[in-house]
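Contents: one structure, followed by commentary.
In what follows, chains carry the letters A, B, and so on, assigned in the order in which the sequence lines appear, proteins first and then strands, with residues in each chain numbered from 1. Not measured: the values here are computed from a predicted model.
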Amino acid sequence: MLAALLADSSGQALAHASAWAVFAVGAAMILTGALGVVLLRNPVHCALMLVITLFGIALEFIDQSADFLAAVQIIVYAGAVVILFLFVIMFLGVDRKEAISAEPTRFQRPLAVLLGVVALVEILALSRIDHWSAGTPSQSGALSGPGSNVQKLGQAIYTGYLLPFEMTAALLVIAVVAAVVLSRRHQPSASEMSELDQEELLSARRFTPPDQGDQS
Amino acid sequence: MGSDPLFANGLNLAVWLILLGKVLVIFLIVLLSVLFMVMYERKAVAYLGVRYGPNRAGPKGWLQSLADGTKLLFKEAFTPRNADKAVYKAAPYLMLVPIMVAFSIVPIGGRITIAHHTTELQLADPQWGILFLLMTSGLAVYGVILAGWASGSKYPLLGSVRASAQMVSYEAVLGLTTATVVLVTGSLSTSTIVAAQSGHWSFVHWNLIHTAVIPFILFSIAITAEMTRAPFDLVEAEEELSGGYNLEYSSIDFAWFYLAEYAALVTNSAIIVTLWFGGPNGPTIDGHSVGPLWFTVKVLVVLYIFVWIRATLPRFRYDQLMDLGWKRLIPASLIMLMVVAGFQATSTSGGNGAGHWLAQREWGLAAVGGAFVLGALLWRAIDVGRQASEVEEARESRLSLERES
């Protein structure tokens, strides 16, 4: 077996096997992570399971020669978005097991099952009808010709798709600014306050030691 | 995988075995360099503080870190009752793995031939190498934040929340300054970045010069904060948090954190050398190219600077840290990105090697940038000196007043 593999200088079999292994591992990671997000009780564990799913997706992206997408998937989603999730979960102290026996909304569960089944049927039907999800890796032949994946993507974004790209960027900035404006309450500075208000603020801030005389 | 001749004939078992060997060698390099680094830092800090430093274990105390490591191994591995067991156990590894993996894209220099297979002295050379680097630095946050949370007590949690905010904030600066390197090189691959910095009079072609010094300074500050190293080590501020995120850890688990911290230091120094100082490029000795030697020398110098900074600067306050990141470093790195992009766009010489190096406009930009950095340092030194003399004057006048009365 070993000798056969060593003698196989073209390495077709091994290359094929490793490509298949990459896909299998990626798929297993995606499914395990997704199930974990839904089934685990602790929000922090769920967030970690989400990271596993994201890694699986990145692996499949690499398998499809979409290197840039894979890297961005990890940098943005695993490196920033889920970190923010964790940050909020820990900060708000909701990191305990939730009682999910009580339904927040009526008909939530049957509706969820129904929608899940509909989505699954849609995906399966589409994959039978067209090649977009189960066909060739890319219909336009992404990695033919010179230049790396990143180069091609950059050229496409900054030439043919410049307007959509810039509009997306503007949208994101608008969203960030809007979030800041909406969430930040205006706090009057000291010069804008009347003297009485300033006094009140100061006395509220002043530390008053707890009365310890009654305890004994 | 880019230019590595190892994969020219496709994959077979021999290639797999060589790859496995390279993985092991990289792993050992990082581990041994950590053992060395712990002592290097303690010796250097002792030297800077005019002390002896550790000098008992082994010749001149150089086996101290080995002794410390062995001692840690034999301590009791304690798990707090409140801890989230699985995450608590996994956190040290989550911190160690991204850092170890990051070293795989660092080109150490030259090629080596094993059993008729020639290969680069670099584990992996993906065409998106820099993105891989940003990826690993983004993932290193998980170890810290989960260790703090899983310990099930307040101080580690506070430390880890600080850490996550700090690391996520400084990642933006890291990305923006790395983008200037990508701009002047035109590639994301680390081996191409190193190749673009080679040439006669090597240091003239370093990205340090090509990007006008300032992005390098910003990058170094950001990566120091990213590693949560002094003066940005608020994550483990012992005065406020009695130790920070790794407070509840003991024995081998604590050793992993310690290892990860120093592995990060070594790896990031190697990355700084790769991005800004030409990696293994350097003069040949007797006609042989000695890439690994130059690489090691440069890394040692960068490591020493990190130690020097730690021994010199006091810790930042948390709001100062955030102000520095968001209000100074991010705007500065954005401006530098625009400046370098403008120079690249209008440059007619077309990058490296065209014409005499003094005639290139990058050189002028580098001179301006370097002068700016030096000027800022000088201004700061004068400012500090003036404050010190003011304090001295105030003390003397108070003394003389006391004497009169």
Side-chain angles (χ1 to χ4, degrees), chain A residues 1-19 40 42-45 47-48 51 54-55 58 62 65-91 93 95-97 143 147-151 153-154, chain B residues 1-2 7-17 19 84 86-87 90-91 94 98 115-116 126-142 144-146 148-150 152 154 156-158 160-165 167-169 171-172 174-175 182 186-189 192:
Chain A
M1 174 77 188
L2 271 180
L5 276 176
L6 265 175
D8 180 17
S9 61
S10 65
Q12 279 291 329
L14 202 60
H16 189 74
S18 53
L40 290 179
N42 191 320
V44 174
H45 293 170
L48 292 181
V51 176
L54 294 172
F55 260 91
I62 291 179
S65 313
D67 300 344
F68 185 77
L69 265 182
V72 166
Q73 174 91 7
I74 300 293
I75 294 171
V76 174
Y77 286 96
V81 172
V82 179
I83 290 287
L84 283 181
F85 283 178
L86 284 175
F87 193 73
V88 170
I89 290 171
M90 293 173 186
F91 225 50
D95 53 340
R96 293 292 145 224
K97 283 173 190 166
L143 273 182
S148 66
N149 175 265
V150 183
Q151 219 169 356
L153 195 65
Chain B
M1 305 278 175
F7 303 106
N9 296 324
L11 289 170
N12 60 30
L13 196 66
V15 173
W16 271 106
L17 286 178
L19 266 184
D84 186 316
V87 181
L94 285 179
H116 309 298
Q127 284 177 332
W128 42 288
I130 293 299
L131 294 175
F132 188 79
L133 167 70
L134 292 176
M135 208 170 98
T136 53
S137 82
L139 292 176
V141 191
Y142 278 99
V144 177
I145 193 169
L146 289 176
W149 173 78
K154 294 286 185 240
L157 182 64
L158 283 174
S160 70
V161 168
R162 272 185 180 186
S164 60
M167 289 164 118
V168 170
S169 310
E171 223 149 87
L174 217 56
V182 176
S187 172
L188 290 166
S189 143
T192 316

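In this structure, A:N42 CG and B:W149 CH2 are separated by 4.0 Å, a value rounded to the nearest 0.5 Å. Taken to the nearest 0.5 Å, the CG atom of B:L131 stands 5.0 Å off from the CD1 atom of A:I75. We find the CG-CG distance between A:D67 and B:L188 to be 10.0 Å, quoted to the nearest 0.5 Å. Taken from CG in B:L146 to CD1 in A:I83, the straight-line distance is 7.5 Å, to the nearest 0.5 Å.
A donor-acceptor pair under 3.5 Å links the side-chain atoms of B:Y142 to the main chain of A:A78, judged by distance alone.
Contact annotation for B:V161: both backbone and side-chain heavy atoms come within less than 4.5 Å of a heavy atom of chain A. Contacts between A:V51 and chain B at a heavy-atom distance below 4.5 Å involve the side chain alone, from C-beta outward. Residue A:L48 touches chain B through its side chain alone, counting heavy-atom pairs closer than 4.5 Å.
Per-residue counts of heavy-atom pairs under 4.5 Å with chain B were compared for A:G79, A:A58, A:A80; the largest is that of A:G79.
The side-chain heavy atoms of B:W128 and A:I62, taken from C-beta on, include a pair separated by under 4.5 Å.
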